[in-house]
Amino acid sequence: MTTTVFFHAHPDDESIFTGGTIRLLADHGARTVVVLATGTAERRAEAERACAALGVSALRWLDYDDSGL
């Protein structure tokens, strides 16, 4: 089984920038892991729903502060 890790700074970056690739890989049986560096409580729920729709196998958070907040 192939595993691909996608690393993004913010929640929703996975959908905007690599969502199509994530879904394509998931549809072909690959294990997909999304790592998000930042995230607030309200954005976590959104990211979890988006990753479920994309077929993400695992979502991980690094819990860094977002400098733009």
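Remember, predicted model here, so these are calculated numbers, not experimental data.
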Of all the heavy-atom pairs spanning W61 and R43, show the shortest one and how long it is. CH2-O, 4.4 Å
If you round to the nearest 0.5 Å, how far is OG1 of T18 from CG of L24? 12.0 Å
Nearest heavy-atom neighbours spanning P11 and L36: CA-CD1, 4.0 Å
Taking side chain as C-beta onward, heavy atoms only, is R60 less than 4.5 Å from V34? no
Can you measure from NE2 (H10) to OG1 (T40) and round to the nearest 0.5 angstrom? 10.5 Å
Return the NE2 to CG distance between H28 and L25, rounded to the nearest 0.5 Å. 8.5 Å
Counting N and O atoms only, with roles assigned by atom type, does the side chain of T38 sit under 3.5 Å from a partner on the main chain of A9, one being a donor and the other an acceptor? yes
Should V35 and H8 be marked as a side chain to side chain contact (heavy atoms under 4.5 Å, CB included) after you check the CA-CA gap, both sets of side-chain angles, and the distance that decides it? CA-CA 6 Å; V35 179; H8 291 288; over 6 Å; no
For G39 and R44, the nearest pair of non-hydrogen atoms, with its separation, is O-NE, 4.5 Å
Return yes when atom CG of D27 has more than 12 non-hydrogen atoms of other residues, nucleotides or ligands closer than 6.0 Å, and no otherwise. yes
Validation row: T3, V33 side chains within 4.5 angstrom (heavy atoms): yes
In terms of heavy-atom contacts, does CZ of F7 have more than 12 from other residues, nucleotides or ligands at under 6.0 Å? yes
How many angstroms lie between CG in D12 and CZ in F17, if you round to the nearest 0.5 Å? 8.0 Å
Result for side chain to side chain contact (heavy atoms under 4.5 Å, CB included) between E14 and one of I22, L59, T21 points to I22
Give the minimum heavy-atom separation between T32 and G55, together with the two atoms involved. OG1-O, 3.5 Å
Return the OG to CZ distance between S15 and R23, rounded to the nearest 0.5 Å. 11.5 Å
Identify the heavy atoms of A58 and R31 that sit nearest to each other, and give their distance. CB-NH2, 4.1 Å
Close side-chain approach of F6 to L54, heavy-atom, < 4.5 Å: no
